[in-house]
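First up is the structure itself, then whatever we jot down about it.
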Amino acid sequence: MRINFGYVAMSKVVKDCSPSRTVTVKSLSKIEDDEVRLHKLKSIAKTNIKNTQRLFYHNRAHDIKVYRLTSKLIPLATHPITEKWDWFKDIYSDLKGLGEYAKEHNFRISAHPDHYTLLNSPKDEILQSSLKDLIYHYKIFEGMGLDKSAKLVLHIGGSYKDKKRSIERFIKNFIKLPEHLREIITLENDDKTYTAKEVLEICQQVKAPMVLDIHHHWCNNNGEDLSEYLERIFETWNYEDVPPKIHVSSPKDEKKFRNHADNIDLDSFTEFLEKAKKINRDFDVMIEAKNKDVALFNLIDDLKNVPNIDVLDQASIEY
DNA sequence: ACCTGTCAAGTCTGG
DNA sequence: CCAGACTTGACAGGT
C-alpha cells in the first residue's frame, strides 16, 4: 500500500512565505478612505495567494501532493468589516492560476475551517456565521477550479450539555446543507468531545468521509481499539475519488498531551502502520507538527531505516 | 531588529 | 454570571 504525506499551510523551509498574512480590524478601521482600505485588503490577499503558489512550487520540488490551504488566505473575508468588498472578483485570476497548477500536478487540496465553525450550535446566528464560513471556503475551491476531491475538514462541534441531542442537531443541519457543500465536507474526531467511534457513526449516517485523527483518538476515547474501527473508517471514502486521509501528530509531552510536538514520533507511527497493514489500502497522511514540512521530511528519513518500508520519494512510501 | 501584548469568531470550566 | 483558558501565527506598537 502506498502512503502520501502532506503538511499544513506553511513551510519551515521556504522563508518569508506566509500564506496567512492579515490585518487587524482595529488598524483597518483607522483607514478612512474606502479605496485605501480595499487596496490594503486586496494586496494582502494577493500576497497570500502568491506565497501559496511559492509553496506549491516547493511541494512540487519535494514530491508533496497532499496540502492543506490556510483558512486565512483572504484577510477578514467573513468579517462584517469587509462586507462591501467583492474579494472573489478582485483575486479570481490569481486563484485560477493557483488551481491550474494544483490540478496539473495532481495535488490533493484540503482546508480546515477553524473551531468557530459549528454546525451543531443551538444558536442560529452561530449556525449562520458557520454557513458563511463554509461558503467562503467553497468559493476558494471554486475559484481554483477544483472539483469535489478538494475537501473541507470539520469537527462535529460542542456538546452543549447534551451530546445525544447535539449529534442529532448536527445531523439535521448537515443534511440541510446544499449539495455542493455537503459533498466536500469530511468529519474528524476531536480531542475533547466527539470520539472516533461517534464520528464514524455520524459519517455512516450522513454519508460523509471520515478523517481519523490518531492523536485526538489518544486524547479522547472510551477505550475503543482503533484497529476495530479502521476498516469502517476507510470505507467511508469508498465513493470518493481520493484515498482516505488521516491526521498524524504527536503529543508535546505528558503534561501537555493535547499539544502538538515539533516532530512525529516514529514508533507510534509505525505502530499505526501495522494496524493499517491489515486493511492494505492506500491512504494520505496529513502531518500536523510544529515543524510542518520539516517534520514530514524528518519522518520520511526515519522511515528509511524501518524494515519492509520502501521510501518511494521525498513524501511517499510503500509498505 | 527585536520584544510583547493582542487579535473576529465559540465553548467550557472554575470561581 | 463572568473572566479566563484553550491555541497559535501574525500584527502593531514600542524600544
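First the proteins, then the strands, lettered A, B, ... as listed; each starts at 1. Values below: every heavy atom of this structure, side chains too, minus hydrogens, waters and symmetry copies.
Under a 4.0 Å N-O distance rule, the pair Glu168(A)/Lys172(A) does not qualify as a salt bridge.
Nucleotides dC3(B) and dC6(C) are separated by 24 Å at their P atoms, to the nearest Å. dA8(B) and dC2(C) have their P atoms separated by 22 Å, with the value rounded to a whole Å. Only the P atoms considered, dT11(B) is 24 Å distant from dG9(C), to the nearest whole Å.
Of the residues Ile156(A), Leu187(A), Leu177(A), the one that meets the side chain to side chain contact (heavy atoms under 4.5 Å, CB included) test with Leu119(A) is Leu177(A).
Boundaries of the chain A contact region on DNA chain B are dA8(B) to dC12(B), first to last in 5' to 3' order (nucleotide atom under 4.0 Å from a heavy atom).
A cation-pi geometry, defined here as NZ or CZ lying under 6.0 Å from the six-membered ring centre and within 45° of its normal, holds between Lys277(A) and Tyr319(A). For Lys207(A) and Tyr239(A), the positive end is not near the middle of the six-membered ring at less than 6.0 Å and at most 45° from its axis. A cation-pi arrangement is found for Arg169(A) relative to Tyr160(A), the charged atom lying closer than 6.0 Å to the ring centre and inside a 45° cone about the ring normal.
Within the 6.0 Å centre-distance limit, the rings of Tyr138(A) and His180(A) are counted as a close aromatic pair. Taking the six-membered ring where the residue is Trp, the centroids of Trp87(A) and Tyr136(A) are separated by under 6.0 Å.
For the segment residues 119-126 of chain A, the set of residues with a heavy atom within less than 4.0 Å of an atom of DNA chain B comprises Ser121(A), Lys123(A), Ile126(A), in numerical order.
The hydrophobic cluster containing Trp237(A) also includes Val153(A), Val211(A), Val242(A), under a criterion of side-chain heavy atoms closer than 4.5 Å among ILVMFWY residues, counted directly or through chains of members.
Listed by first and then second residue, the side chain to side chain donor-acceptor pair (under 3.5 Å) pairs involving residues 306-316 of chain A are Arg2(A)-Ser316(A), His62(A)-Gln314(A), Asp63(A)-Gln314(A), Asp313(A)-Ser316(A) (not counting sequence neighbours).
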Both distances under 3.5 Å, Watson-Crick or G-U wobble: on that basis, could you give the dot-bracket string for DNA chain C, with [ ] for crossing pairs and | for other-strand partners?
||||||..|||||||

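Defined by atom type and a distance below 3.5 Å, a donor-acceptor pair is present between the side-chain atoms of Asp293(A) and Ser11(A).
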For every nucleotide of nucleotides 7-15 of chain C, 5' to 3': is a protein heavy atom under 4.0 Å from its base (B), only from its sugar-phosphate (S), or from neither (-)?
SSSSSSS--

